[in-house]
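Any value given below was found using the heavy atoms of this structure, including those in side chains, with hydrogens, waters and symmetry copies removed. The structure displayed is predicted, hence computed values, not measured ones.
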Amino acid sequence: MYLCYIDESGVPEVPGNSTHFVLAGLTLPIWHWRDADRQVGAIMRRYGLANAELHTAWLRRKYPEQEKVPGFAQLGYDARRFAVRQVRAAHLLKLRQTGQSKTYQQAKKNFAKSEEYTHLTYDDRINLTREVADCIGGWGFARLFAECIDKLHFNPARTGRTIEQQAFEQVVSRFERYLQNLSRGTPQKNYGLLIHDNNQTVATKHTHLMRDFHRQGTLWTGVDHIIETPLFVNSSLTSMVQAADLCAYALRRFVEFKDGDLFQRIFPRADRMGTYTVGIRHFSLTTCVCVICDSHN
């Protein structure tokens with residue numbers, strides 16, 4: 001049995017707040033699941049995040065409040081948390097007193113997203129995500145599947161799919177083909193299960209899609225190695241979905257901004273056949289010469 005943990009980066013809406021939408025699936029055999037989970041957990045504990053969620057996008061943001069604390073880097077973890085909480089509370093109070101309700105609500109949401117990380121400096125947080133990316137990159141037993149869609153060049157009328165649907169169909173197809181290849185020439189069939197970050201709207205759509213794939217296959221292949229419809233879980237409780245989140249973020253940062261910091265660390269896990277990268281595709285202009293397009297051929 002192989003588990004494929006799925007998460008996304010960017011939004012499928014056009015234009016949205018990103019030029020690309022990325023859906024990534026990080027696959028590993030069940031007998032390596034516990035070891036992988038322990039490795040990520042050990043890194044998180046070293047940074048004082050034993051019970052926190054690894055949310056890469058929020059970890060890699062700068063928190064202006066930290067820069068307002070004199071000697072922030074020299075403080076201990078508890079003192080850092082307290083100091084940032086004070087600065088943020090003062091900022092929220094000022095927004096409320098001046099009647100900036102929308103800005104207040106947005107700031108409050110943003111602060112809640114990064115609350116667990118305020119004891120870490122920006123450099124700490126960057127190093128944390130690099131360590132996890134290096135960890136994933138070193139998992140020779142894992143495979144990475146992803147569809148990176150440039151939304152400006154996607155024509156739903158031509159594909160017959162929405163951006164979300166195409167991304168999901170591609171990841172499912174590549175995971176299924178991987179399982180087929182593993183099973184070829186062996187007496188026992190290898191099965192797979194999709195485990196997705198929980199989102200009620202996405203859950204309904206992907207469940208219906210997966211049922212269709214079981215009945216009639218995808219555009220690329222029949223589906224008889226992936227069992228059931230996706231299992232939807234709370235990402236805050238599942239470190240492997242958080243690892244998939246890091247992979248999706250790394251891929252989107254690369255295709256949008258040519259930011260290779262995390263990408264180069266996780267790209268070795270892309271599924272390959274010979275010299276070709278078959279697990280990850282960049283759906284973009286035919287003239288794109290990025291390393292994904294070049295290796296995908």
Is there a donor in the side chain of [X] and an acceptor in the side chain of [Y], or the other way round, less than 3.5 Å apart?
X	Y	value
E147	Q166	yes
Q100	T98	yes
T221	Q180	yes
R174	T218	no

*Do the ring planes of Y2 and W31 sit parallel (below 30°), tilted (30 to 60°) or perpendicular (above 60°)?*
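Geometry flag for W31 against Y2: perpendicular rings.
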
*Please work out which of the three classes, parallel, tilted or perpendicular, describes the rings of H225 and Y191, given edges at 30° and 60°.*
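Taking H225 first and then Y191, their aromatic rings sit tilted (interplane angle of 30° to 60°).
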
Should [X] and [Y] count as an ion pair when the cut-off is N to O under 4.0 Å?
X	Y	result
R177	D271	no
E65	R85	no
R215	D212	yes

_Checking side chain to side chain donor-acceptor pair (under 3.5 Å) between Y104 and each of R96, K109, K94, Q97, which is the one that passes?_
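Testing Y104 for a side chain to side chain donor-acceptor pair (under 3.5 Å) against R96, K109, K94, Q97 leaves exactly one candidate, R96.
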
*Residues, nucleotides or ligands: over 12 heavy atoms within 6.0 Å of M273 CE*: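 Counting other residues, nucleotides and ligands, CE of M273 stays at 12 neighbours or fewer.
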
*Keeping the roles fixed (side chain from E169, backbone from L219), state whether a donor-acceptor pair exists under 3.5 Å.*
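Checking the backbone N and O of L219 against the side chain of E169, a donor-acceptor pair under 3.5 Å is found.
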
Run the side-chain donor-acceptor check on residues 127-145: report pairs under 3.5 Å with partners two or more places apart or on a different chain.
{"unit_1": "N127", "atom_1": "ND2", "unit_2": "D123", "atom_2": "O", "d": "3.1"}
{"unit_1": "T129", "atom_1": "OG1", "unit_2": "R60", "atom_2": "NH1", "d": "2.7"}
{"unit_1": "T129", "atom_1": "OG1", "unit_2": "R125", "atom_2": "O", "d": "3.4"}
{"unit_1": "T129", "atom_1": "OG1", "unit_2": "I126", "atom_2": "O", "d": "2.8"}
{"unit_1": "R130", "atom_1": "NE", "unit_2": "D261", "atom_2": "OD1", "d": "3.1"}
{"unit_1": "R130", "atom_1": "NE", "unit_2": "D261", "atom_2": "OD2", "d": "3.0"}
{"unit_1": "E131", "atom_1": "OE1", "unit_2": "R46", "atom_2": "NH2", "d": "2.2"}
{"unit_1": "E131", "atom_1": "OE2", "unit_2": "Y47", "atom_2": "OH", "d": "2.7"}
{"unit_1": "D134", "atom_1": "OD1", "unit_2": "R265", "atom_2": "NH1", "d": "3.1"}
{"unit_1": "D134", "atom_1": "OD2", "unit_2": "R265", "atom_2": "NH1", "d": "3.0"}
{"unit_1": "W139", "atom_1": "NE1", "unit_2": "Q39", "atom_2": "OE1", "d": "2.8"}
{"unit_1": "W139", "atom_1": "NE1", "unit_2": "C135", "atom_2": "O", "d": "3.4"}
{"unit_1": "R143", "atom_1": "NH1", "unit_2": "G140", "atom_2": "O", "d": "2.9"}

*Distance-minimising heavy-atom pair for V255 and C148*: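 Closest approach of V255 to C148, heavy atoms only: CG1-CB, 4.2 Å.
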
*Please name the pair of heavy atoms, one in I163 and one in I149, separated by the smallest distance, quoted to 0.1 Å.*
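In terms of heavy atoms, the two residues are closest at O-CD1, 3.6 Å.
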
Please tabulate, for side-chain N and O atoms in residues 16-23, each donor-acceptor pair with protein atoms closer than 3.5 Å (sequence neighbours left out).
{"unit_1": "S18", "atom_1": "OG", "unit_2": "V11", "atom_2": "N", "d": "3.4"}
{"unit_1": "S18", "atom_1": "OG", "unit_2": "H20", "atom_2": "O", "d": "2.9"}
{"unit_1": "T19", "atom_1": "OG1", "unit_2": "E256", "atom_2": "OE2", "d": "3.3"}
{"unit_1": "H20", "atom_1": "NE2", "unit_2": "H282", "atom_2": "NE2", "d": "3.0"}

*Taking side-chain hydrogen bond (donor to acceptor under 3.5 Å, both in side chains) as the test, write out the residues that go with R253, two or more places apart.*
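By the side-chain hydrogen bond (donor to acceptor under 3.5 Å, both in side chains) rule, R253 matches D259.
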
*Stacked cation flag R161 on F168, 6.0 angstrom / 45 deg*: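 No, cation not above the ring by the 6.0 Å, 45° rule.
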
